[in-house]
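Below, read A as the first sequence line, B as the second, and so on, with proteins coming before strands; counting in each chain starts at 1.
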Protein chains: 2
Amino acid sequence: MEDQVRMLSKNTVKFIKSLHQKKYRSDHGMFFVEGEKSVIEVLSSDFQLHSLFVSEAFWGKHRVLLDRLSIELEIVSQKQLESMGQYQSNDAALAVLYMKENKAFDASKDELILALDDVRDPGNLGTIIRIADWYGIRKLVFSKQTADFYNPKVIQSSMGSFTRVSFFYAELSEVLERWGLPVYGAFLGGESIHEIKEIAPGVLVMGNESNGISSEIGERVNRKLTIPAFGEAESLNVAIATAILCDNIKRLMNP
Amino acid sequence: MEDQVRMLSKNTVKFIKSLHQKKYRSDHGMFFVEGEKSVIEVLSSDFQLHSLFVSEAFWGKHRVLLDRLSIELEIVSQKQLESMGQYQSNDAALAVLYMKENKAFDASKDELILALDDVRDPGNLGTIIRIADWYGIRKLVFSKQTADFYNPKVIQSSMGSFTRVSFFYAELSEVLERWGLPVYGAFLGGESIHEIKEIAPGVLVMGNESNGISSEIGERVNRKLTIPAFGEAESLNVAIATAILCDNIKRLMNP
């Protein structure tokens, strides 16, 4: 009987399912991460663990790591993992973690910072976090209407990169004023990023999926940047545009 | 009674719902497009229309265009539009169109062509089509395992750009051999696209979401291109990578 998978209490399942919703994440100050890669990354990050549920297979495969971290865990079935999380298929693990305090970081003059002005789609936010991590951007600041960092879809689409960035939610205009750094914004009809010869570190602002950068934040933009179009598409998805701008800015900053 | 919305026959609804599946799209040689923007764009394209269903609001707003095109249409309710398509909300229109013949195009030496080697996710394919349209890439060739161009999610995520590209499905290796053009492929550990000073027009190959470019196609790649990483993310989504490569190649081709 010792090898039997433990029965998860109904309350545990109910609690974790409540974390699918922002209201309950806020109430409990917790969120969850699922899938092998993301759980492994979050266990090695500075997020504090609340509880961990793993399959026998995951436990067997990562036993050395799990022993070293001296983590208490529950071995559960694939079906139980899938009943708690949002993945259609999860035969690995699910971790419940404490959210971090929403604390502003300082900005320095020698780094590129990303600011999101009401990026609402969780998939876009997660993809942008992955792009930031690719380009070595460690600091992100989000307007209060931007999607919730702890939304399971954000966590999933960031592919583990959510563990490697610092972020906070704030009134963007106040933050931009306080920092006093150069502010770049993605606009139609600005300077072509293919013609720019140099660019100083600063804050790159990306706007809402439908409306772009708000007029309030637009007033704080020192330099309007445009991705040159060669065809007829009217626009690019905000994550795509973020990637292209980061690529160009990083190329110019690292000649 | 004249103002009443017409009753759609059960057979019509059943027929259109069958087009959600590739098997029935192939059997009928038809696909559907929904939503205001995409329907307007497809009506002005060279796709042949089979039937058109519109809301009163759409009909009122686009009456001049619809009259000029002398299209026979049925006015239906929002609920009926939503019952036929896959949008959660569609108070505009749904068009049924004939698929195009799968016909190879010729390649010339002065243009950039995109080749997809088993890009499986419909959202990625649609986003890549939108990116191609932004960068003025008019020709795309797909391996036979690439997602179906006529999948409703591809149509949706291309945001109308599906009307402005030519494409065919084929054995990629045969096509690349026949064309004899330079072939570029996205790989880890290739030439950094930030260091390349010039690049000739040719075929850019993008690979599968999990496995990248297959070894068979990899052998035909003349130049391996890499997006330089500045951080720790292990990879980029294939649509993101396509955008960054197209941006760099177009910049080099249009100095």
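Counting all heavy atoms, side chain and backbone alike, Asp133(B) lies closest to Ala233(A) at OD2-N, 3.1 Å. Considering every non-hydrogen atom in both Ala243(A) and Ile244(B), the closest pair reads CB-CD1, 3.9 Å.
For Thr127(A), the part sitting under 4.5 Å from any heavy atom of chain B is the side chain, from C-beta outward, and nothing else. Both the backbone and the side chain of Ile227(A) come within contact range of chain B, each with at least one heavy atom under 4.5 Å from a heavy atom of that chain. In this structure, chain A has heavy atoms under 4.5 Å from both the backbone and the side chain of Arg130(B). There is no contact between Ser157(B) and chain A, counting heavy-atom distances below 4.5 Å. Residue Glu234(A) touches chain B through both its backbone and its side chain, counting heavy-atom pairs closer than 4.5 Å. Using a 4.5 Å cut-off between heavy atoms, Arg251(A) touches chain B through backbone and side chain atoms alike.
Arg138(B) contributes no side-chain N or O that, together with a main-chain N or O of Gly231(A), makes up a donor-acceptor pair within less than 3.5 Å.
The number of heavy-atom neighbours closer than 6.0 Å to NZ of Lys109(A), taken from other residues, nucleotides and ligands shown, is 12 or below. Counting heavy-atom neighbours within 6.0 Å of Leu188(A) CG, excluding the residue itself, gives a total of 12 or less. Annotation: Ile71(B), atom CD1; neighbour count of heavy atoms from other residues, nucleotides and ligands within 6.0 Å is above 12. More than 12 heavy atoms of other residues, nucleotides or ligands sit less than 6.0 Å from atom NZ of Lys100(A).
By number of non-hydrogen pairs under 4.5 angstrom with chain B, the leading residue of Ile131(A), Asn237(A), Asp247(A) is Asp247(A). The choice from Gly160(A), Pro228(A), Ser161(A) that makes the most heavy-atom pairs within less than 4.5 Å of chain B is Pro228(A). Counting heavy-atom pairs under 4.5 Å between each of Ala132(A), Ser158(A), Cys246(A), Ser235(A) and chain B puts Ser235(A) at the top.
Atom CD1 in Ile128(A) sits 8.0 Å away from atom CD1 in Ile240(B) (nearest 0.5 Å).
Checking Asn254(A), Ile137(A), Leu112(A) one by one against Phe230(B), the side-chain contact (heavy atoms from CB on, under 4.5 Å) holds for a single residue, Asn254(A).
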